[in-house]
Amino acid sequence: MKSIITYFAVIMEAATVLGGPGKGVKPDPDGRYTIAAPGIKAQFIPYGATLTNLFVKDKNGKDVDVVLGYDDVDYYPKDPGHPVYNAIPGRYANRIGKGKYTIDGEEYHTELNDGDNTLHSGTHNWSYRFWNVTEHTPTSITFAISDASNSSLGMLGRVDSTVTYSVSKNTWHIKMNAVSPERKTPVLLTQHTYFNLDAYKNPATDKIWDHTLYMPYSARYLEADQGALPTGKILTATPGSINDFASAAGLALGHARDQPGFAGNCGANGACEGYNGYWLIEDKPSRDAVVVSLASPFSGVKADLRTDQPGVVLYSCHWMDGSAQLKSTQELVVNGTAVPRTVGRSSCVAIEAQDYPDGINHPEWGRVDKQILGPGQKYSWESSWTFGLV
Ligand SMILES: *[C@@H]1O[C@H](CO)[C@@H](O)[C@H](O)[C@H]1NC(C)=O
Ligand SMILES: *[C@@H]1O[C@H](CO)[C@@H](O)[C@H](O)[C@H]1NC(C)=O
Ligand SMILES: *[C@@H]1O[C@H](CO)[C@@H](O)[C@H](O)[C@H]1NC(C)=O
Ligand SMILES: *[C@@H]1O[C@H](CO)[C@@H](O)[C@H](O)[C@H]1NC(C)=O
């Protein structure tokens, strides 16, 4: 009896989560799917379930495209740099230490594609797949992926997942679900969103250091090694120190640029300047509390994150090397002439709400159960970004 019920539950789950291409769902002529609500317009492509453009209002009431991307939707799959622009990496985002994990006493080996570690599940990661569009309305779009067993080396059992993006006044909502009907597997998802709230139009600088960041419930963060892999230790940022964004509202992302250690704060034996780490979100006063507030004095745009996830990855774009072109919506025009710019070092910030990176290998954090998904269970993830003015 139990097995019949379980079997039925699995079929029902698969039916609600999985879906082929939606009937009659068509993109705009430029290949993008558009959704809009007052004060916000968002555009997407099936490749990586990627957000390509996000228009909100700046302090002058003008539309400003606050996320990174490309004009040509066909370039995303070809881009050799592939920074996972506003895509969904999966089935297990971020790093798996030494490419190993254990479930029920059995050890599994994943692809080493980032030094000694696995990054974003290796070379068949979800941010490189063409997802199916299963539903599209003027205010929402749903993408689905069916990920075969072992399609990413060492990740066994099929996983079916959906992401639904929607908009309401000034707000972008993101909801993800996943099921693993065949066996237990690690699942950890995120939206890998890259921001520059000035859309690169600030003539004084294209660096991200002037943006302010406030994470009131994130005094603690994971110590990481030179390869950006958590060591296991949880540290507390003292007020004013490099990794402090909790002690006061309005600290600039570059507030600690003069401090020794900033130049090597994200590892690579001193070569990575700024941030590429994980901050815990703890003791928030309510389910809907704003946990991250990113703002720019130049455009006046403020972005507030709400999430059900227990922390965020922050990456201040050190590895952007100027080879990626900007979108035409992000051109700096001085006296009527466009000034060519590319995505330079430290010119953006990725903010990714997610569970603890490599938590499957750190039972001491108590996250293992949240990161292993098995038959009969359902994974869910929910966040929103609300835009306003500073
Ligand atoms: C993701 O998969 C693509 C396509 O196989 C690969 O080129 C890329 O290196 C992978 N990403 C990472 C972070 O390994
Ligand atoms: C999209 O749907 C088709 C038909 O159901 C399926 O064969 C294909 O694998 C799906 N693609 C993804 C990425 O899941
Ligand atoms: C997973 O795929 C690799 C090849 O990519 C293969 O060597 C291995 O045996 C496969 N594992 C399972 C359980 O199918
Ligand atoms: C723009 O034009 C004004 C007026 O002609 C001039 O004073 C200014 O120097 C110009 N700015 C740049 C960056 O060329």
Side-chain angles (χ1 to χ4, degrees), residues 11 13-25 27 33 44-50 75-104 106-136 141-164 176-190 192 194 227-229 276 313 315 317 319-320 324 350 352 354 357-358:
I11 289 179
E13 275 172 6
T16 47
V17 167
L18 184 61
K23 277 208 184 79
V25 174
Y33 293 82
F44 302 90
I45 52 171
Y47 183 72
T50 296
Y75 186 65
Y76 284 81
K78 295 180 200 151
D79 171 16
H82 199 300
V84 194
Y85 272 164
N86 326 324
I88 308 295
R91 68 174 71 171
Y92 191 94
N94 210 280
R95 289 173 180 77
I96 295 178
K98 316 289 177 241
K100 286 197 284 215
Y101 66 91
T102 304
I103 296 179
D104 295 339
E106 195 174 329
E107 188 171 283
Y108 298 86
H109 295 263
T110 52
E111 185 183 348
L112 303 182
N113 63 329
D114 186 61
D116 292 337
N117 306 314
T118 301
L119 180 61
H120 298 324
S121 305
T123 50
H124 202 46
N125 46 80
W126 293 5
S127 68
Y128 288 75
R129 313 263 191 101
F130 291 86
W131 295 48
N132 284 319
V133 180
T134 56
E135 207 184 357
H136 182 213
I141 186 162
T142 298
F143 295 96
I145 189 170
S146 180
D147 184 23
S149 180
N150 206 28
S151 70
S152 290
L153 177 65
M155 309 239 128
L156 303 189
R158 189 182 90 235
V159 171
D160 297 325
S161 180
T162 63
V163 53
T164 297
M176 294 191 263
N177 287 307
V179 293
S180 179
E182 295 173 354
R183 57 188 292 166
K184 290 187 190 170
T185 184
V187 170
L188 186 158
L189 302 177
T190 190
H192 201 304
Y194 283 93
L229 179 73
N276 188 13
V313 169
Y315 164 53
C317 293
W319 302 112
M320 299 300 189
E352 307 145 55
Q354 61 161 75
D358 202 27

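When a ligand or atom number is given, it counts from 1 through the structure's own listing order.
- T50 and N86 form no side-chain donor-acceptor contact under 3.5 Å, judged by distance and modelled atom types alone.
- Atoms of ligand 2 lying under 4.0 Å from at least one heavy atom of S146, given by number and element, are 12 (C), 14 (O).
- Closest non-hydrogen pair, S149 versus E182, comes out as CB-OE1, 4.2 Å.
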| field | Criterion side-chain contact (heavy atoms from CB on, under 4.5 Å) on D358 and I96, from CA distance to verdict | value | CA-CA 5 Å; D358 202 27; I96 295 178; 4.3 Å; yes

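- Side-chain contact annotation: S121 with S152, donor-acceptor N/O pair under 3.5 Å absent.
- A perpendicular orientation is assigned to the rings of Y85 and Y76, their planes being inclined by more than 60° (bins at 30° and 60°).
- Side-chain N/O atoms of S127 and N125 include a donor and acceptor closer than 3.5 Å.
- Residue F130 has at least one heavy-atom neighbour below 4.0 Å for each of these atoms of ligand 2: 13 (C).
- Ligand 2 places these atoms under 4.0 Å from at least one heavy atom of I145: 13 (C), 14 (O).
- Geometrically, ligand 1 and N113 share a nitrogen or oxygen pair separated by less than 3.5 Å.
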I'd like the atom pairs linking ligand 3 to the protein - N or O on both sides, separation under 3.5 Å - with distances to 0.1 Å.
unit_1   : atom_1 : unit_2 : atom_2 : d
ligand 3 : 2 (O)  : N150   : ND2    : 2.3
ligand 3 : 11 (N) : N150   : ND2    : 2.9
ligand 3 : 14 (O) : N150   : ND2    : 3.3

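- Looking at Y315, its side chain never comes within 3.5 Å of a backbone N or O of E352 through a donor-acceptor pair.
- Taking the six-membered ring for Trp and thresholds of 30 and 60 degrees, Y108 and Y101 have nearly parallel ring planes, at less than 30 degrees apart.
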